[in-house]
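One structure is given below, encoded as structure tokens.
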Amino acid sequence: MSTLMLQAQSVSRFFGGLKAVEDVSVDLHRDELHAVIGTNGAGKSTLINLLSGELPLSAGRVSLMGEDITHWRQPKRARAGLGRSYQRNTIFTPFTVRENCRLSAQARWPRAWNWWQPASRCALSNTAAEEALQRAGLGDVAERVAGTLSHGQKRQLEIAMCLAGAPKVLLLDEPLAGMGAEETERMLALLGELKRDHAILLVEHDMDAVFRVADRITVMVNGRVIASDAPEAIRQHPEVRAAYLGDSVGAGHGH
Amino acid sequence: MATEHTALLAAQDLHAHYGQSHILQGISFSLQPGVALGLLGRNGMGKTTLIRTLLAQVRASGGEVWVKGHKVTQERTEHIVRRGIGVVPEGRGVFPNLSVRENLQMAARPGTRGQVDWTFERVLQTFPRLGERLGNGGGQLSGGEQQMLAIGRALMTNPDLLILDEATEGLAPLVVAEIWRVIALIRASGMSTLVVDRNYQKVLAHTDRCLVLEKGRLVLEGASDDLADDEAALHRYLGV
Amino acid sequence: QGQKLKVGLMLPYTGTFAALGTAIENGFRLQLAEQGGKIGGREVEFFKVDDESDPSKATENVNKLIKRDGVDVIIGSVHSGVAMAMAKAAKDNNVLLIVPNAGADAVTGPMCAPNIFRSSFSNWQPGFAMGEVMAKKGHKRVVTITWKYAAGDESVKGFKEAFTKGGGEVIKDLTLPFPNVEFQALLTEIAAAKPDAVFTFFAGGGAVKFVKDYDAAGLKKTIPLYGSGFLTDGTLEAQGASAEGLFTALHYGDSLNTPRDNAFRLAYAKTYKLQPDVYAVQGYDAAQILGVGLNAVKGDVSKKAEFAAAVQKAKIDSPRGPFMLSKAHNPVQDFYLRQVVGKENKVVGVASKALTDPARGCKM
Amino acid sequence: MDLATFLVQCLNAIQYGLLLFLVASGLTLIFGIMGVINLAHGSFYMIGAYMAYALAPGVQQVLGGGFFITLLVGVVLSVLLGYVLEWVFFSYLYEREHLQQVLMTYGLILVFEELRSIAVGDDVHGVTPPEWLSGSIALGDLMSYPVYRLFISAVCLGVALAMWWVLAKTRLGMRIRAGASNREMVQAMGINIRLLYRIVFAVGVALAALAGMIAAPVSSVYPGMGSSVLIICFVVVVIGGIGSIKGALVAALLVGVVDTFGKVLVPSVAGLSVYLLMAAMLLWKPEGLFKANG
Amino acid sequence: MSKLPWARVMPVLLAFGVLAALPALISGFYVELAMKVMILAIFALSLELLVGQTGLVCFGHAAFFGIGAYAVTLLSPEGEAGSLWWTLPAACGAAGVYALAVGALSLRTKGVYFIMITLAFAQMAYFVVHDTPLGGGSDGIYLYFKPVAAVAGHTLLDLDKPTQLYGFVWACLGACFVASAVLLKSRFGRALAGIKANEQRMRAAGFATFGYKLAIFVVSAMMAGLAGYLFALKDGFVNPEMLSWHQSGAVLIMIILGGLGHLRGAVLGAFAFALLQELFQSQAVFGAFAKHWQLMLGLTIIAFVALMPRGLVGLLHKEGAK
Ligand SMILES: Nc1ncnc2c1ncn2[C@@H]1O[C@H](COP(=O)(O)OP(=O)(O)OP(=O)(O)O)[C@@H](O)[C@H]1O
Ligand SMILES: Nc1ncnc2c1ncn2[C@@H]1O[C@H](COP(=O)(O)OP(=O)(O)OP(=O)(O)O)[C@@H](O)[C@H]1O
Ligand SMILES: [Mg+2]
Ligand SMILES: [Mg+2]
């Protein structure tokens with residue numbers, strides 16, 4: 001039985017009159033990759049913002065490993081093991097790739113406020129950074145300044161930074177967007193690997209990829225969940241096909 | 001070269017640098033009117049850079065660019081674009097502080113031949129989702145909505161050539177299908193397109209010819225249909 | 001004494017007070033020229049520093065003159081805050097200082113020293129003189145209005161002292177933050193309070209605007225306006241008809257019509273192609289004070305005590321009329337009542353005769 | 001305070017607020033759209049005021065004179081000045097860090113102030129308003145109100161309306177605002193952003209100079225007048241929300257009210273009142289009253 | 001420290017060495033000038049920590065400078081010298097406490113709004129000392145006796161003595177510089193750099209950025225308070241103008257001129273700005289034209305901007321440009 005890591009119960013978020021997320025519940029278990037798919041503007045990114053604490057909830061409750069974290073601020077949630085990536089890059093463009101990861105790792109380790117010891121001598125964050133770089137396949141460009149990477153490489157870095165913080169729960173917002181075929185393969189392999197000891201929420205529009213790795217899929221349309229089930233059931237779900245998948249993802253169209 | 005005079009867009013031995021790094025290393029190609037051209041390559045091979053150099057957003061460090069028989073190497077972006085090019089850039093470039101309506105209206109312009117095929121209404125017809133959010137700021141749109149807006153905005157300039165750099169990134173499958181449909185439509189209407197997309201199959205299916213970039217060089221050029229069958233080349237250059 | 005006398009001029013040459021700085025220097029140089037270019041038998045060499053009217057740079061600026069250039073005497077400045085810093089430095093370094101304008105009471109009050117002199121006035125003085133005049137005119141209920149800063153406060157304090165002694169009452173003290181020039185709200189307050197008269201202290205651009213606004217609001221016709229003399233000095237051209245008829249008190253005016261003043265004005269106009277003003281007179285007299293003192297010590301500036309004694313005994317033959325220095329080294333002088341006629345501050349009488357600053361806090 | 005006084009004070013507040021708006025509008029335009037923190041804005045105001053004074057005799061001689069002709073000449077000159085300044089000093093600074101522009105505008109302040117001193121001296125001057133505007137209207141038995149001040153208010157309202165219309169309603173305005181967020185993208189839409197920016201800058205300068213010229217008859221003309229108006233303009237712009245014309249108008253009126261009643265009701269801390277207002281507003285709305293949207 | 005980049009450290013050490021030797025080499029006035037510039041350098045350094053390193057552009061830094069200066073003036077006893085041991089912490093503390101309040105409120109805002117709200121709070125401090133009797137009013141107040149540092153009745157340091165004051169200022173500058181350099185290399189310092197580059201990401205990575213920003217804001221204010229303290233000692237006179245926005249602007253100009261993002265830039269900028277002004281105002285060099293020093297300074301600044309996009313530090317290491 002996999003452990004329940006993150007649980008969102010009936011969370012909602014309104015922007016003025018717009019109900020971006022309405023009464024959505026999701027459970028994230030370790031060793032389970034939970035994909036959230038849905039139309040553009042369905043509220044997937046907003047959901048991630050709510051879970052990660054970037055936006056306050058309008059209603060509902062979020063708990064992490066049984067603890068109620070609804071009123072925790074984002075940094076505290078992050079330190080407790082909630083890592084996220086962004087749909088739009090949020091890398092530190094002036095720093096090197098390695099420094100990007102090192103900094104992401106730093107907050108989690110003790111004495112983050114230390115002001116006299118050189119940061120470069122913080123062994124813990126150095127190893128964490130190195131590992132994240134290797135996993136994301138950025139070993140070759142570790143010394144490049146992040147701002148000079150190509151779009152796809154920046155996307156990889158975005159993931160690497162998320163990993164560097166050694167999170168227990170990963171909230172990934174379209175990690176495959178902008179990646180080439182080769183990198184997509186690598187990322188899927190990585191996800192499969194990470195799944196074993198992480199709870200992962202994956203927001204993604206690449207259906208081939210989603211159906212390959214997801215254990216469970218939740219479908220959102222206009223802020224609401226219209227279906228949440230195993231991949232095969234979702235693939236056949238008439239409402240989902242009508243609202244989101246269309247005919248493009250034929251049943252069983254794999255690779 | 002004769003092609004330069006008849007071509008809609010052509011490059012001659014184009015080079016570009018970012019600081020010390022030599023990104024484009026001598027690229028030559030031409031795009032004839034009515035042709036749909038695909039541009040393929042792994043991440044970081046210089047596709048975006050090539051587009052940006054053609055549009056003078058990156059200064060070419062060597063070589064020439066021609067648009068409709070005019071040498072535009074020394075011209076500024078806005079002048080090149082006004083010769084009939086519409087751009088959907090990587091990262092969308094939606095104006096966050098303008099409403100959806102304004103994003104579209106600010107771009108409106110008749111084409112170089114005076115044609116006004118794409119109007120505000122037609123764009124909304126093509127992307128009904130935008131119609132529902134006309135009053136919203138561009139910055140408040142979801143990623144997919146922004147992508148539609150960027151395409152719609154480029155169409156509002158009634159270009160002869162539409163450049164799409166990763167236009168389907170982050171879009172729902174239905175919308176992606178819709179966009180490929182629109183691209184097909186555009187292609188059918190005789191407008192030229194230059195398409196960059198990570199989904200090489202779609203690119204190959206929706207273009208007449210394709211260029212493959214590797215480390216800033218053109219390594220392959222040919223009819224899309226041929227390339228689609230050339231598994232060895234695809235594996236070699238795209239890793240599939 | 002073959003060496004040249006080093007005179008440091010620390011005046012504002014840029015900013016709001018730039019015109020005043022120039023007038024003071026002109027006056028000083030004119031008097032110097034009249035003495036044949038020599039003071040106390042010594043040739044003069046000038047060192048100039050622009051004080052920018054910035055007190056936070058004042059100590060350093062005055063040290064340029066004292067420590068870098070090693071001047072024998074300093075003339076300056078216009079801004080009171082700057083003058084305060086200068087007084088401190090002069091006292092610490094025992095250098096002669098003659099203040100040709102700044103009216104801060106403290107300079108010849110708590111800060112007074114044997115080597116510090118003033119050729120102008122203390123803020124208290126013109127206010128006090130005007131208080132006497134207005135009380136005598138029979139005004140009973142008066143409103144005062146000024147900027148909320150030291151010069152304004154001190155001037156109004158002087159005014160109140162004399163005015164209440166003369167039986168009047170100040171019903172309202174209006175202030176606005178320095179250098180705010182949006183007077184309209186306070187003019188409305190004045191109109192609503194309906195006093196017998198208004199006493200004011202403003203200078204420079206603020207004075208111009210105040211006088212014009214006061215007139216434009218229609219108050220000039222109903223509530224007479226009186227001011228410390230700076231209200232209408234150097235500003236008449238800009239104030240135009242709005243200033244016509246205003247009464248102010250100052251130690252100088254335009255048509256004194258004494259032979260001494262006429263000679264001065266003629267010489268000044270000839271030299272600089274300009275009409276002199278009170279600032280020029282103050283600069284001129286600073287040179288006279290220096291001359292009197294230095295002649296007495298034969299040009300030896302180190303004899304501070306003799307210098308001071310001689311100056312205190314002397315009667316300075318100023319264009320404004322002869323004056324002496326008080327024990328605290330502030331002029332004991334007549335304050336004229338002046339009325340604006342055309343482009344002139346016409347002297348119409350004496351507001352207060354031989355007025356002495358009380359020099360509160362001076363232990364000398 | 002009785003009702004009549006109160007009403008007159010309100011009138012004062014509005015009138016002051018409108019004048020502030022006129023000065024601040026150019027700043028918010030340059031600031032919000034081009035991202036240039038223009039410290040020299042006060043100098044343009046000062047230049048305007050000095051033009052109203054110094055141009056008058058020349059205009060009188062050549063064109064037969066008149067306040068409005070002078071105004072027109074002044075506006076034309078300041079547009080030219082702005083155009084050239086943008087061209088020579090700012091056009092190549094956009095890619096740089098914003099603070100570099102601050103340094104540049106600081107240098108310009110020093111230069112303008114000194115050039116002014118060399119050209120027209122350091123004296124205080126007055127400017128006479130045109131004959132037909134120099135009367136005044138009685139406000140009860142309290143006091144009278146100069147017609148010219150009402151004229152200023154009308155001009156300010158007119159400018160506010162015109163600017164709002166251009167920015168919010170015309171395609172030119174949309175393009176200008178688009179440039180504020182993404183310069184390169186505007187270029188890629190085929191729009192000559194350099195020219196657009198140059199015009200925006202020139203208009204911003206002209207607005208400041210116009211404010212100076214219009215205000216000259218009531219404020220008089222004196223050295224340092226620019227720097228005293230600068231900070232209060234920034235206050236207005238920031239309270240209103242950077243780049244927002246509507247915001248600038250509302251904020252200017254607010255500042256007018258707070259300043260006016262601050263002076264009357266709590267004179268001892270009147271200097272603080274406007275800044276208290278700004279601090280309070282920003283704590284309440286950290287991005288100003290209106291986000292830049294015209 | 002494992003390995004210092006000697007090529008960069010040497011010039012700094014050399015400069016400090018020259019400054020230490022200065023009193024023996026040149027006349028009194030120039031020593032005093034050097035002292036003033038060193039104080040300004042401390043002031044600039046404190047602002048650099050905020051602006052250049054954390055990306056928080058503070059336009060009210062003069063308030064902290066002024067508070068430090070007023071604190072020592074008001075706290076010193078009337079008729080005798082105060083003690084360095086408590087006046088100095090008190091002055092820095094006063095600046096720090098005000099910064100804590102200002103920071104807690106203003107750090108919620110961003111960008112230009114932050115610039116302006118810091119200005120607002122600085123203006124409030126300005127008007128408090130300018131308009132109320134508390135601070136002696138617009139003409140300023142004097143500090144008659146400068147503090148001494150004594151241990152068990154034995155005077156270690158008498159700041160009334162110019163050479164001792166000079167030495168003390170020198171030591172303060174050195175200490176501030178080294179402390180800042182160490183701080184920036186540390187984890188805390190890197191976190192600040194991260195906040196400058198992308199605050200959103202820092203929060204997502206688990207940094208409570210508000211706390212970091214507030215901490216550096218207070219530290220910076222205390223350093224500015226130290227500069228103000230020293231300035232008051234140098235002149236023995238404080239004035240509201242020390243808190244005015246002109247002062248805040250001037251120090252901002254210094255660090256931009258020097259080159260943002262480098263501690264050396266702040267020091268260089270302070271020296272360049274003060275010395276250029278000195279030069280242009282000097283009659284000995286420019287004669288009557290010195291009257292137009294503003295024009296020359298303005299044109300020089302414009303030329304600097306045009307020719308040196310990275311400030312004065314850009315000149316120093318052009319070769320190693322990255
Ligand atoms: N800050 C905001 N203010 C107002 N509306 C917002 C804001 N953020 C998001 N929205 C709206 O909320 C809805 C949900 O947006 P969200 O970004 O969560 O969509 P999404 O599911 O991630 O879409 P996509 O797949 O295109 O990224 C959208 O309609 C969007 O316009
Ligand atoms: N601003 C920049 N400065 C320096 N190098 C850059 C910059 N932008 C891109 N590069 C480099 O130029 C190369 C080509 O980048 P480009 O963005 O053109 O690739 P691409 O083919 O579009 O890749 P992707 O599919 O990831 O978008 C990459 O190696 C990238 O690291
Ligand atoms: Mg999204
Ligand atoms: Mg690309």
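Here is how names work: the chains are called A, B, and so on, in the same order as the sequence lines, proteins then strands, and each is numbered from 1.
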**Asked** Given that the side chain runs from C-beta out, which part of L33(E) has a heavy atom under 4.5 Å from chain C: side chain, backbone, both or neither?
**Response** side chain
**Message:** Looking at K91(C), I'd like to know if its NZ atom is crowded, meaning that more than 12 non-hydrogen atoms belonging to other residues, nucleotides or ligands lie closer than 6.0 Å.
**Reply:** yes
**Message:** Please classify the contact of D54(C) with chain E as side chain, backbone, both or neither, using a heavy-atom distance under 4.5 Å.
**Reply:** side chain
**Item:** Minimum-distance pair of heavy atoms, taken over all atoms of K291(E) and T14(C)
**Value:** O-CG2, 4.2 Å
**Complete:** In short, F237(E) meets G81(C) closest at the heavy-atom pair CZ-O, 3.5 Å
**Message:** Check E241(E) with K57(C), please: is the shortest side-chain N to carboxylate O separation under 4.0 Å?
**Reply:** no
**Message:** On a heavy-atom basis, which atom in D235(E) and which in S56(C) lie closest, and how many Å separate them?
**Reply:** OD2-O, 4.2 Å
**Asked** F178(C) and F127(E): which non-hydrogen atoms are nearest, and at how many Å?
**Response** O-CE2, 4.4 Å
**Prompt:** Do Y142(E) and M111(C) touch side chain to side chain, with heavy atoms closer than 4.5 Å?
**Reply:** yes
**Message:** Given heavy-atom pairs under 4.5 angstrom as the criterion, report whether the side chain, backbone, both or neither of L143(E) touches chain C.
**Reply:** backbone
**Request:** Over all heavy atoms of both residues, which pair between A150(C) and S138(E) is shortest? Give the atoms and the distance, please.
**Result:** N-OG, 2.8 Å
**Prompt:** Okay, side chain of S80(C), backbone of D139(E): is any donor-acceptor separation there less than 3.5 Å?
**Reply:** no
**Message:** I'd like to verify something: which residue of G140(E), G137(E), G236(E) has the highest number of heavy-atom pairs under 4.5 Å with chain C?
**Reply:** G236(E)
**Prompt:** Thinking salt bridges, do E32(E) and K64(C) make one under a 4.0 Å N-O criterion?
**Reply:** no
**Asked** Where is the tightest heavy-atom contact between E60(C) and F29(E), given as atom of each residue plus distance?
**Response** O-CE1, 4.0 Å
**Message:** Applying side chain to side chain contact (heavy atoms under 4.5 Å, CB included) to Q281(E) and Y13(C), what does each step give before you reach the verdict?
**Reply:** CA-CA 11 Å; Q281(E) 277 183 325; Y13(C) 291 108; over 6 Å; no
